[in-house]
2 protein chains.
Amino acid sequence: MMKNLPHKTIERLSQYRRALLICLEKGQTHIYSHEIAKIQHITAVQVRRDLMLIGYTGTLRKGYNVKDLIDLIGNIIDSTEGINVAILGMGNLGRALINYFAGKRSQLKIVAGFDINPDKIGNTMSGVPCFSSEDMNRIIREKNIKVGIMTVPAEFATSTAEQLVKAGIRGILNYTPKPVTVPDSVYLEEYDMITSLEKVAFFVKINED
Amino acid sequence: MMKNLPHKTIERLSQYRRALLICLEKGQTHIYSHEIAKIQHITAVQVRRDLMLIGYTGTLRKGYNVKDLIDLIGNIIDSTEGINVAILGMGNLGRALINYFAGKRSQLKIVAGFDINPDKIGNTMSGVPCFSSEDMNRIIREKNIKVGIMTVPAEFATSTAEQLVKAGIRGILNYTPKPVTVPDSVYLEEYDMITSLEKVAFFVKINED
DNA sequence: GCGGTTTTGTTAATAATTTCACATTTTCTG
DNA sequence: CAGAAAATGTGAAATTATTAACAAAACCGC
Ligand SMILES: NC(=O)c1ccc[n+]([C@@H]2O[C@H](COP(=O)([O-])OP(=O)(O)OC[C@H]3O[C@@H](n4cnc5c(N)ncnc54)[C@H](O)[C@@H]3O)[C@@H](O)[C@H]2O)c1
Ligand SMILES: NC(=O)c1ccc[n+]([C@@H]2O[C@H](COP(=O)([O-])OP(=O)(O)OC[C@H]3O[C@@H](n4cnc5c(N)ncnc54)[C@H](O)[C@@H]3O)[C@@H](O)[C@H]2O)c1
């Protein structure tokens, strides 16, 4: 069910929820498609189309119920039992991520970090225990970790991905600038900040007439 | 010229270059479309189509010349005089970014950081001087900074974006989870790691049959 | 209660992106 | 040198994503 939602829609649903959570905190009970659209820099039609795809129906002239919509998006994109996540490489970026995620989403819990630096192993950072990379296989299985976020140095990207796959991981988010290869059964997402920055720089350049 | 390249192509060109630079370092002189494709997890046709769009012609049976292609991609996406970049918010993520970018791309130079924490102002981090946010307007104009990377706490996202726009910035890369609004003349790119993680988690969930 | 306005939901149209299919060229092999 | 194999380049088709257009319903002001 809901397996064939467009990839772009999945991303937007996550973003809608983020915006809706802010509205909920502010005590807002309803929201119009064009309000969501404004926040996300897209069109109101697109918002309505996405909500149509997940079968949510708003109220005419009142818009969408913020709380209900948050819940429905949760039903669609979250998994019921939650998903345990590991950080590979507790360096600058790894720590920044742990800090950022701490308590943000109850369905996604960072339950372990891994490193090879003996000074870090055994410590806890923002509530996340750091283990030795050597124990990756065991810990990932013990803690039922499904997703790994790779923040190791680029030269260790390939070997770390291999270890993760061997340990039975189901999804990898790779922040390393080194693309990795995984079997089809593992979902892979790669992101490089330089690509984003170069894209911004490109459009700045061509806007300069 | 080259103004109407598809957005997706721009992103991929940046990624091709990243891969090609690694090949160049290894001493590889030529590369086939299917080799590039494998690295980027896309199809060879897509690579050829992108290169067709930028007017690059490879050699039949030899593939593409690594060095030439790197140079051509540079001609397309880099601006000739280089672009100066500022980091807004020298916290965990800001410092991680400075560290990461240091010396990676000569065309994109992080020339200033801004913060409001007096302990940070006046210091230098990985060669990047940290200024007070109050001086943003002056410094951005003095140093001819065109692009800003926002890594301030979410509650300061809106005001920081406003300051940047007032200072005449041309592009913003927003890593804050708070979407911001800017005039059409400013190119805006937003990225939230939670969206990426939720996307990975979603596909892990639906792959579990 | 009526006419005007606003908003949703959805079909149809359009636009963007990717893939297919294949002609062409080069290289290799015997 | 002929035929097979491997690669590029590209028009056309297919797919995916976005936008336009509009009917229908709800509310507002009078
Ligand atoms: N810093 C950024 O903003 C940024 C942005 C994009 C990508 N990246 C990439 O993310 C990665 C990490 O960046 P960083 O700034 O955190 O670097 P860092 O050097 O601060 O952290 C790397 C950490 O990984 C650990 N490590 C090394 N080998 C390991 C292994 N085999 N298994 C587990 N842990 C291991 C190190 O001990 C260190 O703690 C790099 O590949 C970098 O290119 C960084
Ligand atoms: N840490 C992550 O991995 C991560 C990931 C995605 C997004 N983010 C977002 O990036 C932002 C920064 O994250 P962080 O972990 O670096 O936080 P942080 O608290 O470590 O850093 C924020 C820095 O911004 C400075 N600051 C505060 N107000 C400012 C202002 N008005 N002008 C300039 N500087 C100001 C603070 O002094 C601090 O140095 C947050 O919005 C966070 O949600 C972080």
Side-chain angles (χ1 to χ4, degrees), chain A residues 2-16 19-20 23 28-69 72-73 76 184 195 199 202-203 206, chain B residues 2-16 19-20 23 28-69 72-73 76 184 189-190 195 199 202-203 206:
Chain A
M2 289 297 167
K3 292 206 185 201
N4 28 27
L5 289 173
H7 282 218
K8 288 282 184 68
T9 294
I10 300 298
E11 287 177 17
R12 283 192 298 260
L13 287 174
S14 166
Q15 288 161 2
Y16 297 161
L20 290 166
C23 295
Q28 192 176 346
T29 62
H30 287 79
I31 192 166
Y32 298 127
S33 59
H34 67 258
E35 293 177 302
I36 300 178
K38 183 112 186 272
I39 297 169
Q40 302 301 145
H41 317 299
I42 56 176
T43 66
V45 187
Q46 180 123 78
V47 173
R48 295 206 297 276
R49 159 127 340 225
D50 285 334
L51 300 190
M52 190 188 99
L53 290 175
I54 63 170
Y56 185 69
T57 292
T59 311
L60 248 172
R61 295 279 314 202
K62 271 199 179 168
Y64 305 96
N65 181 292
V66 173
K67 183 146 186 352
D68 289 354
L69 188 46
L72 179 61
I73 292 176
I76 304 285
D184 282 350
T195 295
K199 192 178 165 195
F202 174 78
F203 286 107
I206 66 171
Chain B
M2 290 297 167
K3 291 206 186 199
N4 28 26
L5 289 173
H7 283 216
K8 288 282 185 70
T9 294
I10 300 299
E11 286 176 16
R12 284 192 298 260
L13 288 175
S14 166
Q15 289 160 1
Y16 298 162
L20 290 166
C23 295
Q28 191 176 346
T29 62
H30 287 79
I31 192 166
Y32 298 127
S33 59
H34 67 258
E35 293 177 301
I36 299 178
K38 182 115 186 270
I39 296 169
Q40 303 300 145
H41 317 299
I42 56 175
T43 66
V45 186
Q46 179 124 78
V47 173
R48 296 205 297 275
R49 161 101 23 205
D50 284 334
L51 299 190
M52 189 187 102
L53 291 175
I54 63 171
Y56 186 67
T57 293
T59 312
L60 249 171
R61 296 280 313 198
K62 272 198 177 167
Y64 305 97
N65 181 292
V66 173
K67 182 143 186 353
D68 290 353
L69 188 46
L72 178 60
I73 293 176
I76 305 284
D184 282 352
E189 175 96 4
E190 311 204 309
T195 296
K199 190 177 166 196
F202 173 77
F203 286 107
I206 65 172

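When reading the values below, keep in mind they use all heavy atoms of this one structure, side chains included, and skip hydrogens, waters and symmetry mates. Per chain, numbering begins at 1; letters A, B, ... match sequence-line order. The model shown is predicted, which means the values in this text are computed figures rather than measured ones.
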(message) How many whole angstroms separate atom CD of Glu35(A) from atom P of dT6(C)?
(response) 14 Å
(request) Can you tell me the distance, in whole Å, between the CG atom of Leu60(A) and the P atom of dG9(C)? (result) 7 Å
(request) Please tell me which of Val45(A) and His7(A) maps to the more 5' nucleotide of DNA chain D, matching each residue to the nucleotide holding its nearest heavy atom. (result) His7(A)
(request) Answer yes or no: side-chain N or O of Arg49(A) and base N or O of dT11(C) forming a donor-acceptor pair under 3.5 Å. (result) yes
(request) Using a 4.0 Å heavy-atom cut-off across all strands, classify Thr9(B) as base, sugar-phosphate, or nothing. (result) nothing
(message) Check this for me: does the side-chain of Arg61(A) come within 3.5 Å of the base of dT5(C) through a donor and an acceptor?
(response) yes
(message) Is there a side-chain contact between Tyr32(B) and the phosphate of dG9(D), meaning an N or O under 4.0 Å from OP1 or OP2?
(response) no
(message) Using 0.5 Å steps for rounding, measure from the CD atom of Glu35(B) to the CG atom of Leu20(B).
(response) 10.5 Å
(message) How many whole angstroms separate atom CD of Glu11(B) from atom P of dT17(C)?
(response) 10 Å
(message) Between P on dT17(C) and CE on Met52(B), what's the gap in Å once rounded to a whole number?
(response) 14 Å
(message) Let me confirm one number: the CG-CD1 distance from Leu69(B) to Ile54(B), rounded to the nearest 0.5 Å.
(response) 6.0 Å
(message) Without decimals, in angstroms, what is the distance between Tyr56(B) OH and dT10(D) P?
(response) 14 Å
(message) From NZ of Lys62(B) over to P of dC28(C), roughly how many Å is that when rounded to an integer?
(response) 9 Å
(request) Please tell me which of Thr59(A) and Gln46(A) maps to the more 5' nucleotide of DNA chain D, matching each residue to the nucleotide holding its nearest heavy atom. (result) Gln46(A)
(request) Pick out which of Tyr32(B), Tyr64(B), Tyr56(B) makes a side chain to side chain contact (heavy atoms under 4.5 Å, CB included) with Arg48(B). (result) Tyr64(B)
(message) Nearest 0.5 angstrom please: Thr57(A) OG1 to Met52(A) CE, how far?
(response) 10.0 Å
(request) Working to the nearest 0.5 Å, report the span between CD of Glu190(B) and OG1 of Thr195(B). (result) 10.0 Å
(message) For a quick test of reading the model: is some side-chain N or O of Thr43(B) closer than 4.0 Å to OP1 or OP2 of dT18(C)?
(response) no
(request) Quickly work out the Leu51(B) CG to dT10(D) P distance and round it to whole Å. (result) 11 Å
(message) Rounding to an integer number of Å, can you tell me how far Asn4(A) CG sits from dT16(D) P?
(response) 10 Å
(message) It should be established whether Arg48(A) places a side-chain nitrogen or oxygen under 4.0 Å from OP1 or OP2 of nucleotide dA21(D).
(response) no
